[in-house]
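Here is the structure we will look at.
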2 protein chains.
Amino acid sequence: MPPIKMKNGKAATLPKHAAAEGAKPASKPAKGRTAKPRPLTRIQREKQDIILEAALDVFSVYGFRGSTIDQIAEVAGMSKPNLLYYFPRKEDIHRRLITELLTTWLEPLRALDADGDPIPEIRSYIRRKIEMARDYPRESRLFANEMLQGAPHIIDMIEVDLKNLVDEKAKVLEGWMDAGKIARTDPYHLIFSIWATTQHYADFDVQVRAVLGKDRNGEGRFEDAARYLEQLFMAGVLSPRKKGA
Amino acid sequence: MPPIKMKNGKAATLPKHAAAEGAKPASKPAKGRTAKPRPLTRIQREKQDIILEAALDVFSVYGFRGSTIDQIAEVAGMSKPNLLYYFPRKEDIHRRLITELLTTWLEPLRALDADGDPIPEIRSYIRRKIEMARDYPRESRLFANEMLQGAPHIIDMIEVDLKNLVDEKAKVLEGWMDAGKIARTDPYHLIFSIWATTQHYADFDVQVRAVLGKDRNGEGRFEDAARYLEQLFMAGVLSPRKKGA
DNA sequence: CTAACCTTTTTCCAACTGGTCAAAATTCTT
DNA sequence: AAGAATTTTGACCAGTTGGAAAAAGGTTAG
């Protein structure tokens with residue numbers, strides 16, 4: 001049983017690729033139509049990161065409407081107007097977080113390789129998902145919060161990108177089933193159940209810790225969970241040949 | 001495969017046993033110390049129900065902080081001061097909802113019978129949990145929202161009542177494992193995974209529907225889910241004899 | 001050094017928030 | 001039907017909220 005390898009324990013925001021949209025501080029009117037984006041100074045990048053960090057803290061707990069700019073500004077250690085200088089609107093911060101999140105969030109599933117060995121592929125997918133719950137609980141909660149509200153800000157991404165990805169991977173799973181390499185079940189619900197069980201450890205963390213009690217709620221709980229879930233899903237997915245009930 | 005039996009589709013609040021605490025409209029100063037509770041008029045009961053219904057709608061989506069009294073009042077079809085006449089504080093409404101919820105929420109687990117047949121017991125527990133996700137999605141989301149925020153309002157109930165119940169049922173499961181009636185696994189994580197997978201269908205409903213696509217997102221998805229989950233957990237729990245790896 | 005730019009702070013505001021209060025309208029009791 | 005009790009309403013309030021404006025403070029290139 002390979003132990004889950006810990007990533008850096010640091011609470012870093014997920015990859016901050018390119019500056020994405022907007023958040024352009026008050027500059028000159030930007031001549032013509034094609035306003036050259038202008039590469040972002042060091043300070044701008046740093047401050048934006050600090051803000052996004054703070055916002056993740058706040059949004060992931062209270063959701064969009066339940067969070068206030070003042071609160072985020074305080075966590076970020078700056079004044080509200082200063083924060084608004086970098087992100088003119090509350091929504092801008094949120095959008096940035098949530099779109100970046102979505103990309104990263106689906107990485108593990110994207111990595112599921114049709115040409116790989118089915119059992120290890122699935123097993124490592126599960127392991128990676130638990131690692132994410134452990135290492136990025138705030139991101140998980142941010143996502144959960146958005147879902148609970150009906151995903152108002154990302155519904156179209158869900159309906160297109162996410163759906164396409166899942167459709168694709170569901171086909172991969174079905175291929176494995178057809179080849180008798182894994183037991184036959186509903187690939188969609190299989191994926192849902194992996195999401196549900198792994199993310200549960202981030203989203204319902206309080207509950208998990210409370211129920212496990214003082215003695216078992218150390219960081220080891222993630223390894224226990226990993227072990228348990230591997231066992232569960234392996235049992236559910238193994239035993240090929242067993243075609244249609 | 002017994003089909004899940006539909007309960008009334010009506011959107012009723014969970015059982016409203018006794019008037020619980022407070023919510024006493026402005027009355028006479030109530031003589032002495034032992035203010036006789038006075039049995040609640042018909043109007044009071046009706047209005048409170050309407051308010052709780054509306055509040056459930058709102059709180060379950062936006063969480064406590066993200067919801068406003070005005071919003072709830074509007075959904076309830078009454079003026080804010082009128083609403084406040086029945087529940088003097090926002091928190092009162094929320095507390096009522098969430099404590100009632102907790103009781104109901106744990107019913108299925110409570111029903112897990114140590115003297116019953118293990119496999120059917122577990123199977124029917126799962127079925128009941130899915131039915132709840134289907135019939136009481138708002139309650140599920142209210143609970144999820146509370147968890148995401150660290151369960152500030154019910155942390156002590158979680159740490160005591162919930163923990164005790166789970167401890168008790170975990171022992172039941174362990175008993176079955178010792179008797180070789182079900183496969184050996186971690187009973188706590190088994191319970192967590194049942195919670196996670198079933199509640200997922202209420203909490204992440206948008207996602208589930210979006211991914212399943214237009215053709216499969218009818219009400220039938222709950223039956224598919226039930227079927228899938230029974231299969232998954234039966235595989236994970238069956239095969240006794242298979243002691244320690 | 002200084003002009004042009006970038007960053008931060010101060011001040012301000014209108015809309016919204018949870019909640020109060022007294023008067024008015026309704027319902028219940030006798 | 002009168003009087004008491006309950007329910008509803010409208011006006012109001014102090015604190016918070018998201019955000020605008022502009023002045024003040026820093027940086028940096030020439």
Side-chain angles (χ1 to χ4, degrees), chain A residues 19 22-31 35-51 54-55 58-59 61-97 153, chain B residues 19 22-31 35-52 54-55 58-59 62-97 153:
Chain A
K24 198 91 248 307
S27 243
K28 281 185 187 166
K31 56 195 166 187
K36 186 65 87 36
R38 185 169 302 200
L40 280 199
T41 74
R42 175 184 50 88
I43 293 185
Q44 280 170 343
R45 249 178 296 116
E46 282 176 11
K47 286 294 170 78
Q48 282 186 203
D49 280 5
I50 292 175
I51 293 170
V58 178
F59 281 140
V61 172
Y62 298 108
F64 182 72
R65 295 197 30 178
S67 304
T68 72
I69 300 184
D70 296 81
Q71 212 181 156
I72 297 171
E74 199 193 324
V75 174
M78 63 179 75
S79 70
K80 178 170 60 168
N82 195 188
L83 182 151
L84 284 167
Y85 169 72
Y86 291 100
F87 292 90
R89 293 152 180 264
K90 186 185 176 184
E91 237 205 278
D92 295 339
I93 315 178
H94 191 254
R95 206 196 352 266
R96 262 285 281 279
L97 281 176
H153 304 93
Chain B
K24 199 92 245 312
S27 244
K28 281 184 188 165
K31 58 195 165 187
K36 185 64 87 38
R38 185 170 302 200
L40 281 200
T41 75
R42 174 185 51 89
I43 293 185
Q44 281 169 343
R45 249 177 296 118
E46 283 176 8
K47 286 295 169 77
Q48 284 191 12
D49 280 4
I50 291 175
I51 293 171
L52 289 170
V58 178
F59 281 140
Y62 298 109
F64 182 73
R65 294 193 31 175
S67 304
T68 72
I69 300 184
D70 296 82
Q71 212 181 155
I72 297 171
E74 200 193 320
V75 174
M78 63 179 73
S79 68
K80 178 170 60 171
N82 195 187
L83 182 150
L84 285 167
Y85 170 70
Y86 292 101
F87 293 89
R89 292 154 181 271
K90 186 185 175 185
E91 238 205 276
D92 295 339
I93 315 177
H94 192 255
R95 203 192 359 263
R96 262 284 282 279
L97 281 176
H153 305 94

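Fair warning: this is a prediction, and the values are worked out from it, not measured in the lab. In what follows, every chain begins at residue 1, and chains take the letters A, B, ... in the order their sequences are listed.
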#### Entry: Rounded distance (Å) that lies between atom C1' of D/dT7 and atom CD1 of B/I50
13 Å
### Task
Compare all side-chain heavy atoms of B/K47 with those of B/Y85 and state whether any distance is below 4.5 angstrom.
no
### Task
Determine, stepwise, if the pair A/H94 / A/H153 fulfils side-chain contact (heavy atoms from CB on, under 4.5 Å).
CA-CA 9 Å; A/H94 191 254; A/H153 304 93; 3.6 Å; yes
### Message
Below the 4.0 Å mark, does C/dT9 have OP1 or OP2 next to a side-chain nitrogen or oxygen of A/S79?
### Response
yes
### Task
To the nearest Å, give me how far apart CD (A/Q48) and C1' (C/dT7) are.
13 Å
### Message
I want to check one thing: is the phosphate of D/dT6, taken as OP1 and OP2, less than 4.0 Å away from some side-chain N or O of B/Q44?
### Response
no
### Query
Separation of A/K47 atom NZ from C/dT7 atom P, in whole Å?
9 Å
### d(OH, B/Y85; C1', D/dT8) in whole Å
9 Å
Could I get a table of every N or O pair under 3.5 Å where one atom is in the protein and the other is in nucleotides 26-30 of chain C?
{"from": "C/dC28", "atom 1": "OP1", "to": "B/R42", "atom 2": "NH2", "distance (Å)": "3.3"}

### Query
Given atom OH of B/Y86 and atom P of D/dT6, what is their separation to the nearest angstrom?
11 Å
### Task
Would you indicate whether the side-chain heavy atoms of A/R96 and A/Q48 approach each other to under 4.5 Å?
yes
#### Entry: B/F87 CZ - C/dT20 P separation (whole Å)
16 Å
Can you give me the N/O atom pairs linking the protein to nucleotides 16-21 of chain D at distances under 3.5 Å, or say none if there are none?
{"from": "D/dG18", "atom 1": "OP1", "to": "A/S67", "atom 2": "O", "distance (Å)": "3.3"}
{"from": "D/dG18", "atom 1": "OP1", "to": "A/I69", "atom 2": "N", "distance (Å)": "3.4"}
{"from": "D/dG18", "atom 1": "OP1", "to": "A/K90", "atom 2": "NZ", "distance (Å)": "3.2"}
{"from": "D/dG18", "atom 1": "OP2", "to": "A/I69", "atom 2": "N", "distance (Å)": "2.9"}
{"from": "D/dG18", "atom 1": "N7", "to": "A/K80", "atom 2": "NZ", "distance (Å)": "2.8"}
{"from": "D/dG19", "atom 1": "OP2", "to": "A/K90", "atom 2": "N", "distance (Å)": "3.0"}

### Message
Using 30° and 60° as the class boundaries, would you call the ring planes of A/F59 and A/F64 parallel, tilted or perpendicular?
### Response
parallel
### Message
According to salt bridge (charged side-chain N to carboxylate O under 4.0 Å, His left out), who are the partners of B/E74, at least two apart in sequence or on a separate chain?
### Response
none
### Task
Verify the contact: side-chain N or O of A/N82 to OP1 or OP2 of C/dT7, cut-off strictly under 4.0 Å; return yes or no.
no
### Task
Would you please test B/Y62 and B/Q71 for side-chain contact (heavy atoms from CB on, under 4.5 Å) and show each step?
CA-CA 11 Å; B/Y62 298 109; B/Q71 212 181 155; 3.2 Å; yes
### Query
Over how many whole Å does the gap from A/L83 atom CG to C/dT7 atom P extend?
14 Å
### Task
Sorted by first residue and then second, give each salt bridge (Lys or Arg N to Asp or Glu O under 4.0 Å) pair with at least one member in residues 75-90 of chain A; sequence neighbours left out.
A/D70-A/K80
### Interatomic distance where CD1 belongs to B/I51 and P belongs to D/dT7 [whole Å]
11 Å
### Query
Are any non-hydrogen side-chain atoms of B/P88 and B/L84 less than 4.5 angstrom apart?
no
#### Entry: Validation row: A/I93, A/L83 side chains within 4.5 angstrom (heavy atoms)
yes
